[in-house]
Amino acid sequence: MAKTPQEVLQMIKDNGIKMIDLKFIDLPGTWQHCTFYYDQIDETAFTDGVPFDGSSIRGWKAINDSDMAMVPDPNTAWIDPFYKEPTLSMICRIKEPRTGEWYSRDPRSIAYKALDYLASTGLGDTAYFGPEAEFFLFDDVRFDQTENKGYYYVDSVEGRWNSGREEEGGNLGYKPGYKQGYFPVAPTDTMQDIRTEMLLTMADCGVPIEKHHHEVATGGQNELGFKFGTLVEAADHLMTYKYVIKNVAKKYGKSATFMPKPLFNDNGSGMHTHQSIWNEGKPLFAGDQYAGLSEMALYYIGGILKHAPALLAFTNPTTNSYKRLVPGFEAPVNLAYSQGNRSASVRIPLSGDNPKAKRLEFRCPDATSNPYLAFAAMLCAGIDGIKNKIHPGEPLDVDIYDLSPEELSKIPSTPASLEGALEALEKDHAFLIDSGVFTMEFIENWIEYKLDNEVNPLRLRPHPYEFALYYDV
């Protein structure tokens, strides 16, 4: 239910709240926050914002131009369940206080620009997104990188690798096998109660919940589900989802990670993203074409597939993302569409005869992405496909593992690395900037940030497996 600033201020008064926590997302996609005494937030805060120093936020302002303002969104108000003192939380957009303009590098403002762009095209008035973010829960996490060593270690009571471990009270042996975690009942599934608490806590924070279950991989892979929402709503809910999962996990003495590939040789964690366009309350993706889709939906898919290599710079924005996007682990590496093939990057979920449920599922993304940027970029790609009538070609409805090498070579695939995706974005970005959603300055800053802070630092460091390969050559 939408809230006005006056309703939020009354909510603060009625609940005796003294602390207001304002959250916003930085460039890579992590929530930042600052907590204010309640009398610092009045009606003007919802228009002018609350000032802060933006120079220390990753990828943002220089020290000589650091003044910024957080503008809270009253629709995102909820009482934070993880603080001892009752604290009201709100998500913010970022404003330039001197000009009154929304900050051009603020991801949430970019997401709003994507919705404005959709409306300006006349194609529809609403874009719905439904992300499905998977994650691992570990009991022990250690990693380090110095000049003379580099390692990581993760462990889980559910890890199949612990089948022979001596455990307090005895090893009872209930540990999911590799690729066999989808989805056994207790006692093999040890995480029912923690997932239930996560789901119900999300509901208390305003997220419309649906379900939870164990996922395919051993070692504590899980997924919670929430209902789809408009582009910005879905991104807000995803950030709350990650926040709740991490904090409930910590309460149970566990650590949650959304890394796409924290374990070798088992399934990684993705974020399959459902999407559709509506207009005046009517779904536009249902029709009489393949899998019950409309022509508009097929063109939207065509745009996604055409621009996928560049899109992945936003939807799969980490070097670890490309450890997941490899064949053999249900990974959507093939740039094709299908109503049933889960190795295709676009799938058409079963929806029966209900036109409101007709949608497409882009299976490449993962939850290391900044959802505001990822959803905005996907929408721009889809709209480009509709405007230019980009047909996606024939569907991939065969078993990918039955194809010959010659047949397989004809199917385009995802980039093999973050560097490859950034190179694709450098060549293919007109669909993002011609819409006015992204700016050329933003694209250049994103590429530079990713190269300087992730691609190049990783390139400089020896990998532990290189010692196994090359130490005694």
Side-chain angles (χ1 to χ4, degrees), residues 1 3 11 15 17 19-26 28-35 72-92 107-108 129-139 141 156 189-215 220-230 232-260 262 269-273 365-372 374-375:
M1 182 181 296
K3 302 184 184 76
M11 180 181 177
N15 289 276
I17 291 170
M19 308 307 295
I20 313 296
D21 196 58
L22 299 186
K23 298 178 173 70
F24 65 92
I25 195 166
D26 65 8
T30 301
W31 255 355
Q32 310 295 321
H33 78 130
C34 187
T35 307
D73 182 343
N75 294 310
T76 64
W78 41 268
I79 297 176
D80 196 303
F82 302 110
Y83 295 139
K84 180 179 179 180
E85 179 68 31
T87 302
L88 188 81
S89 171
M90 287 185 283
I91 304 173
C92 300
R108 199 166 185 266
F129 282 76
E132 299 177 336
E134 299 163 334
F135 60 95
F136 280 87
L137 291 177
F138 293 125
D139 299 300
V141 182
S156 167
D189 178 5
T190 67
M191 299 182 177
Q192 174 75 13
D193 289 340
I194 187 173
R195 290 196 309 267
T196 293
E197 183 168 337
M198 288 171 173
L199 196 73
L200 296 178
T201 303
M202 282 165 47
D204 292 339
C205 297
V207 178
I209 59 174
E210 287 187 335
K211 60 184 179 182
H212 68 74
H213 58 82
H214 205 284
E215 262 296 344
Q221 190 183 35
N222 298 274
E223 181 185 317
L224 279 62
F226 60 88
K227 296 177 182 177
F228 65 88
T230 60
V232 174
E233 284 177 340
D236 288 345
H237 291 159
L238 181 65
M239 294 306 298
T240 306
Y241 174 97
K242 294 175 72 173
Y243 179 73
V244 167
I245 284 169
K246 290 178 181 180
N247 280 283
V248 173
K250 185 174 183 292
K251 174 182 173 182
Y252 279 77
K254 296 183 183 291
S255 177
T257 181
F258 291 86
M259 275 183 69
S269 294
M271 186 180 73
H272 307 151
T273 304
D366 64 59
T368 60
S369 61
N370 183 320
Y372 302 96
F375 297 170

Taking it one step at a time, do Thr201 and Phe82 satisfy side chain to side chain contact (heavy atoms under 4.5 Å, CB included)? CA-CA 10 Å; Thr201 303; Phe82 302 110; 4.0 Å; yes

Side chain to side chain contact (heavy atoms under 4.5 Å, CB included) for Phe226 and Met202? Distances and angles first, verdict last. CA-CA 9 Å; Phe226 60 88; Met202 282 165 47; 4.2 Å; yes

Using the rule given for salt bridge (charged side-chain N to carboxylate O under 4.0 Å, His left out), can you reason through Asp21 versus Lys23, listing the C-alpha separation, both sets of side-chain angles and the distance that settles it, and then say yes or no? CA-CA 6 Å; Asp21 196 58; Lys23 298 178 173 70; 2.8 Å; yes

Between Glu223 and His212, is a side chain to side chain contact (heavy atoms under 4.5 Å, CB included) present by the stated rule, with each step listed? CA-CA 6 Å; Glu223 181 185 317; His212 68 74; over 6 Å; no

Walk me through it: do Glu197 and Tyr252 pass the test side chain to side chain contact (heavy atoms under 4.5 Å, CB included)? CA-CA 10 Å; Glu197 183 168 337; Tyr252 279 77; 2.6 Å; yes

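Within the 4.5 Å cutoff, side-chain heavy atoms of Phe138 are placed close to those of Thr257. Side-chain atoms of Pro131 and Phe228, non-hydrogen and from C-beta on, never get closer than 4.5 Å to each other. Residues Asp189 and His213 have side chains not in contact (no heavy-atom distance under 4.5 Å, counting atoms from C-beta outward). Using a 4.5 Å heavy-atom cutoff, the side chains of Pro81 and Cys205 are in contact. Two residues are said to be in side-chain contact when any heavy atoms from C-beta on lie closer than 4.5 Å; Phe136 and Ser269 meet this criterion.
The backbone N or O of Pro371 lies less than 3.5 Å from no partner atom in the side chain of Ser369, so there is not a single donor-acceptor pair. In this structure, the side chain of Asn15 does not engage the main chain of Ile17 through any donor-acceptor pair within 3.5 Å. Proximity of a side-chain donor or acceptor of His214 to a complementary backbone N or O of Gln221 within less than 3.5 Å is detected. A side-chain donor-acceptor contact under 3.5 Å links Asn222 to the backbone of Gly220. Counting only distance, with no hydrogens or angles, the side chain of Thr273 and the backbone of Met271 share a donor-acceptor pair below 3.5 Å.
Note that the CG atom of Leu137 and the OG atom of Ser156 stand 8.0 Å from one another [nearest 0.5 Å]. Considering NE2 of His33 and CZ of Phe24, their distance stands at 10.0 Å, rounded to 0.5 Å. We find the CZ-NZ distance between Arg195 and Lys211 to be 12.0 Å, quoted to the nearest 0.5 Å. For the atom pair Lys3 NZ and Asp73 CG, the distance stands at 9.5 Å (nearest 0.5 Å). Annotation: the span from Leu22 atom CG to Leu88 atom CG amounts to 9.0 Å, rounded to 0.5 Å.
Here the closest heavy-atom approach between residue Pro107 and residue Asn370 is recorded as CG-ND2, 3.3 Å.
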Got a list of side-chain donor-acceptor pairs under 3.5 Å for residues 236-247, not counting sequence neighbours?
{"from": "Asp236", "atom 1": "OD1", "to": "Arg108", "atom 2": "NE", "distance (Å)": "3.0"}
{"from": "Asp236", "atom 1": "OD1", "to": "Tyr372", "atom 2": "OH", "distance (Å)": "2.4"}
{"from": "Asp236", "atom 1": "OD2", "to": "Arg108", "atom 2": "NH2", "distance (Å)": "2.8"}
{"from": "His237", "atom 1": "ND1", "to": "Glu233", "atom 2": "O", "distance (Å)": "3.4"}
{"from": "Thr240", "atom 1": "OG1", "to": "Asp236", "atom 2": "O", "distance (Å)": "3.1"}
{"from": "Tyr241", "atom 1": "OH", "to": "Ala133", "atom 2": "O", "distance (Å)": "2.5"}
{"from": "Tyr241", "atom 1": "OH", "to": "Leu224", "atom 2": "N", "distance (Å)": "3.1"}
{"from": "Tyr241", "atom 1": "OH", "to": "Leu224", "atom 2": "O", "distance (Å)": "3.1"}
{"from": "Lys242", "atom 1": "NZ", "to": "Ala367", "atom 2": "O", "distance (Å)": "2.7"}
{"from": "Tyr243", "atom 1": "OH", "to": "Asp80", "atom 2": "OD1", "distance (Å)": "3.4"}
{"from": "Tyr243", "atom 1": "OH", "to": "Asp80", "atom 2": "OD2", "distance (Å)": "2.7"}
{"from": "Asn247", "atom 1": "ND2", "to": "Tyr243", "atom 2": "O", "distance (Å)": "2.8"}

